[in-house]
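Attaching a single structure in structure tokens format; questions to follow.
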2 protein chains.
Amino acid sequence: MTPQTTEAVDDYLKAILELGGPAEEAVSSNALASHLGVRAASVTGMLQKLALREPSFVVYQKHYGVRLSDAGKRRALEVIRHHRLLERFLHDFLDYSWDEVHEEAERLEHYISERLEDRIAAKLGDPASDPHGHPIPEKDGAIAPRNEVQLIHWPCSVPAGISSVSDRDPVELREMKRLGLLPGTKVVVEPGSRTGSILVRIGSGQPTRLTLPLASGVLVSGVTE
Amino acid sequence: MTPQTTEAVDDYLKAILELGGPAEEAVSSNALASHLGVRAASVTGMLQKLALREPSFVVYQKHYGVRLSDAGKRRALEVIRHHRLLERFLHDFLDYSWDEVHEEAERLEHYISERLEDRIAAKLGDPASDPHGHPIPEKDGAIAPRNEVQLIHWPCSVPAGISSVSDRDPVELREMKRLGLLPGTKVVVEPGSRTGSILVRIGSGQPTRLTLPLASGVLVSGVTE
DNA sequence: GTCATGATTTAGCTATGCCTAAATTAGCAC
DNA sequence: GTGCTAATTTAGGCATAGCTAAATCATGAC
Ligand SMILES: [Mn+2]
Ligand SMILES: [Mn+2]
Ligand SMILES: [Mn+2]
Ligand SMILES: [Mn+2]
């Protein structure tokens with residue numbers, strides 16, 4: 001920064017990256033509006049500016065959604081790297097619990113210098129993921145693709161490992177921690193679904209019933225063994 | 001924040017506190033303009049807003065300068081506490097040199113939460129001063145008054161201790177470090193002034209000639225020995 | 001006391017980013 | 001093809017915080 005980007009611009013770029021998904025599909029104004037908590041008209045205004053900017057951060061087609069340009073994607077990944085490094089740092093060095101880190105990182109990610117980013121990464125020994133299991137992009141933006149699936153879409157009786165959990169809701173995070181739903185933990189979905197919940201064996205414990213809102217925040221992948 | 005104050009507002013309040021001096025004299029628009037690097041007209045506009053605000057941050061009298069209100073002083077001291085805690089943290093935990101800390105802290109001071117402030121203070125063991133020797137206000141804003149004098153105004157042959165150094169110019173800071181001009185160091189001004197420099201014995205070394213710009217950034221007080 | 005001068009304020013603009021209300025458009029039903 | 005409706009954009013405002021140029025004010029010299 002030295003206002004190369006602003007907090008608002010950063011947050012739009014991150015949102016476009018996240019909502020575009022791995023296929024980097026075009027993102028609608030409405031989707032951005034509801035994700036960012038602003039009105040659709042505000043989104044249109046911002047997208048026009050982001051497209052006009054030199055260098056352009058997005059490719060924007062009126063009525064057909066928006067995609068990141070290379071420059072936009074680069075900045076989005078840089079901000080995400082800041083965010084996840086900060087979360088890990090706050091958690092590991094400053095006694096933040098995993099439900100407290102997100103809010104603080106969401107603000108600071110826009111304001112730390114490259115120097116501070118580097119020092120934090122060095123202090124942490126270049127960690128690969130944040131406390132919720134999300135991968136930390138490399139300095140050059142490289143980020144290993146993952147085959148994650150929501151736990152609620154994982155087949156019964158097939159062992160899986162938790163790869164990450166949603167970090168948006170502190171209440172959910174505290175509940176997950178209490179139940180042992182941590183990245184790296186092995187889980188098996190047991191037969192016994194009902195509307196509104198699934199039955200899951202967590203680690204080596206007894207099967208536990210998880211509400212769908214909670215379970216949908218848990219992403220898993222196959223256990224390689 | 002959650003914009004209770006903005007970065008600009010914070011920086012105006014800090015500037016009024018600093019320029020007002022220990023006697024908290026009224027500060028002129030011009031002084032603020034040159035300190036903050038903005039035009040005098042911009043200062044007038046901001047002072048009007050700060051005075052109108054509820055609760056008011058300043059007492060502003062057209063053409064006669066501005067003073068902080070209690071609320072303004074409280075916020076100014078809080079931001080200064082953030083700044084100095086951050087400087088000490090960056091220096092002690094993240095390998096920043098003492099000429100690098102100021103710039104980073106100047107930005108982050110506006111964006112850390114009360115929680116992060118507290119965790120940093122705890123991690124550091126509630127330090128009393130930043131790397132340049134400036135006192136860190138307590139959480140309630142209390143800050144011990146000091147009897148500092150610029151080294152260039154200290155009498156010859158009377159031993160003094162460096163209490164703090166100006167942290168604005170990284171080049172000067174590196175030079176000071178090289179010469180051993182650190183907070184806590186004992187100094188004696190030797191007879192031998194010329195226009196443009198003074199002769200100073202630093203610690204137990206040989207007398208060294210210091211340029212006035214450099215020496216004017218060094219504040220000392222009597223040694224209570 | 002009057003005036004000149006420098007300090008300060010006012011007036012009028014710009015840019016960012018948000019909002020509401022009023023068009024407009026895309027895309028589907030028929 | 002014609003409409004309908006929901007999505008989206010446009011138009012017009014507001015707040016923050018800066019700027020320049022043009023007043024205006026305070027003060028010291030006389
Ligand atoms: Mn953010
Ligand atoms: Mn996270
Ligand atoms: Mn600042
Ligand atoms: Mn300092």
Side-chain angles (χ1 to χ4, degrees), chain A residues 1-16 19-20 25-67 72 75-76 79 106-107 109-111, chain B residues 1-16 19-20 25-67 72 75-76 79 106-107 109-111:
Chain A
M1 303 232 275
T2 310
Q4 175 131 321
T5 58
T6 61
E7 178 159 355
V9 167
D10 283 351
D11 284 340
Y12 273 87
L13 297 178
K14 276 205 311 179
I16 296 166
L19 296 175
E25 288 169 61
V27 177
S28 74
S29 297
N30 255 10
L32 282 168
S34 91
H35 186 86
L36 293 168
V38 300
R39 296 317 180 94
S42 308
V43 171
T44 299
M46 179 62 99
L47 295 184
Q48 289 168 342
K49 273 185 292 191
L50 293 180
L52 235 62
R53 221 191 90 95
E54 197 52 55
S56 170
F57 272 152
V58 303
V59 178
Y60 170 51
Q61 279 204 79
K62 232 188 188 190
H63 288 109
Y64 293 92
V66 71
R67 288 186 158 85
R75 177 61 188 169
V79 176
E106 189 62 39
R107 224 173 332 102
E109 63 186 1
H110 312 287
Y111 300 108
Chain B
M1 302 229 276
T2 308
Q4 173 128 323
T5 58
T6 61
E7 178 159 357
V9 166
D10 283 351
D11 284 340
Y12 273 87
L13 298 178
K14 276 206 310 178
I16 296 167
L19 295 174
E25 289 168 60
V27 177
S28 74
S29 297
N30 256 10
L32 282 167
S34 91
H35 186 86
L36 293 168
V38 300
R39 295 317 179 95
S42 307
V43 171
T44 299
M46 179 62 101
L47 296 183
Q48 289 168 343
K49 273 185 291 191
L50 293 180
L52 234 64
R53 219 192 92 95
E54 197 53 56
S56 170
F57 272 151
V58 302
V59 178
Y60 170 52
Q61 278 204 78
K62 232 186 187 190
H63 292 287
Y64 294 91
V66 70
R67 288 184 159 84
R75 177 61 188 169
V79 176
E106 189 63 39
R107 224 173 331 102
E109 63 187 0
H110 313 286
Y111 300 108

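Chain identifiers are assigned alphabetically (A, B, ...) following the order of the sequence lines, protein sequences preceding nucleic acid strands; residue numbering begins at 1 within each chain.
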query: OP1 or OP2 of C:dC19 less than 4.0 angstrom from a side-chain nitrogen or oxygen of A:S42, does that happen here?
result: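 For A:S42, the contact criterion (side-chain N or O under 4.0 Å from OP1 or OP2 of C:dC19) is met.
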
field: A:K62 side-chain N/O to C:dT24 phosphate OP1/OP2 under 4.0 Å
entry: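 No, because none of the side-chain N or O atoms of A:K62 sits under 4.0 Å from OP1 or OP2 of C:dT24.
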
message: Is any side-chain heavy atom of B:H35 closer than 4.5 Å to one of B:L19?
response: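 Yes - at least one pair of side-chain heavy atoms lies under 4.5 Å apart.
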
- prompt: Under a 4.5 Å cut-off applied to non-hydrogen side-chain atoms, are A:V43 and A:M46 in contact?
  reply: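 No, every pair of side-chain atoms sits at 4.5 Å or beyond.
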
Spacing of B:L32 atom CG relative to D:dG18 atom P, expressed in whole Å: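 In whole Å, D:dG18 P and B:L32 CG are 12 Å from each other.
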
- request: Under 4.0 Å between any heavy atoms, over every strand shown, what does B:A40 touch: base, sugar-phosphate, or nothing? Just pick one.
  value: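 Base, at least one base heavy atom under 4.0 Å.
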
message: Tell me the interatomic distance from B:Q61, atom CD, to C:dA7, atom C1', rounded to whole angstroms.
response: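 It is 16 Å, rounded to the nearest whole Å.
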
task: Return no unless some side-chain N or O of B:S28 is found under 4.0 Å from OP1 or OP2 of C:dA7.
output: no

query: For C:dT9, does either OP1 or OP2 sit under 4.0 Å from a side-chain N or O belonging to B:Y64?
result: no

message: At less than 4.0 Å, is any side-chain N or O atom of B:Y12 found next to OP1 or OP2 of D:dG18? Yes or no.
response: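 Answer is yes, contact under 4.0 Å.
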
field: Neighbour count >12 (heavy atoms, 6.0 Å) for atom CZ, B:R39
entry: no

message: Expressed as a whole number of angstroms, how long is the span from B:L47:CG to C:dT8:P?
response: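 Going from CG in B:L47 over to P in C:dT8 covers 11 Å.
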
- prompt: OP1 or OP2 of C:dC18 sitting under 4.0 Å from any side-chain N/O of A:R39?
  reply: no

message: Side chain of B:M46, heavy atoms from C-beta onward: which of C:dC18, C:dT10, D:dA17 has the nearest atom to it?
response: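 Given the options C:dC18, C:dT10, D:dA17, the side chain of B:M46 is closest to D:dA17.
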
task: Whole angstrom is fine here: how far is it from CG in A:L13 over to P in C:dG17?
output: 11 Å

field: Of the listed nucleotides D:dT8, D:dA17, C:dA21, the one nearest the side chain of A:Y60
entry: D:dT8

task: May I ask you to test the B:E7-B:Y111 pair for a side-chain heavy-atom distance under 4.5 Å?
output: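 The answer is yes; the side chains approach within 4.5 Å.
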
- prompt: Tell me: CD of A:E7 to C1' of D:dT16, nearest whole Å?
  reply: 15 Å

- prompt: Taking the side chain of A:T6 as heavy atoms from C-beta outward, which of C:dG17, C:dT10, D:dG18 is closest to it?
  reply: C:dG17

query: Within less than 4.0 Å of OP1 or OP2 of D:dA6, is there a side-chain N or O belonging to A:N30?
result: no

message: Between P on D:dT16 and CD on B:Q4, what's the gap in Å once rounded to a whole number?
response: 14 Å

- prompt: Taking atom C1' of D:dC14 as reference, at what distance in whole Å does atom NZ of B:K49 sit?
  reply: 12 Å

statement: Per atom distances to the B:H63 side chain, the nearest of C:dT9, C:dT16, D:dG18 is C:dT9

query: C:dT9, D:dA17, D:dT9: which one has an atom nearest the side-chain heavy atoms of B:T44?
result: C:dT9

query: Hey, are the side chains of A:L50 and A:S56 touching, using non-hydrogen atoms and a 4.5 Å cut-off?
result: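 No, their side chains stay 4.5 Å or more apart.
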
- request: Indicate yes or no: at least one non-hydrogen side-chain atom of A:H110 is less than 4.5 angstrom from one of B:R107.
  value: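 In short, these two side chains do not touch, never coming nearer than 4.5 Å.
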
- request: Send over the distance from B:R53 CZ to D:dA17 P, rounded to a whole Å.
  value: 11 Å

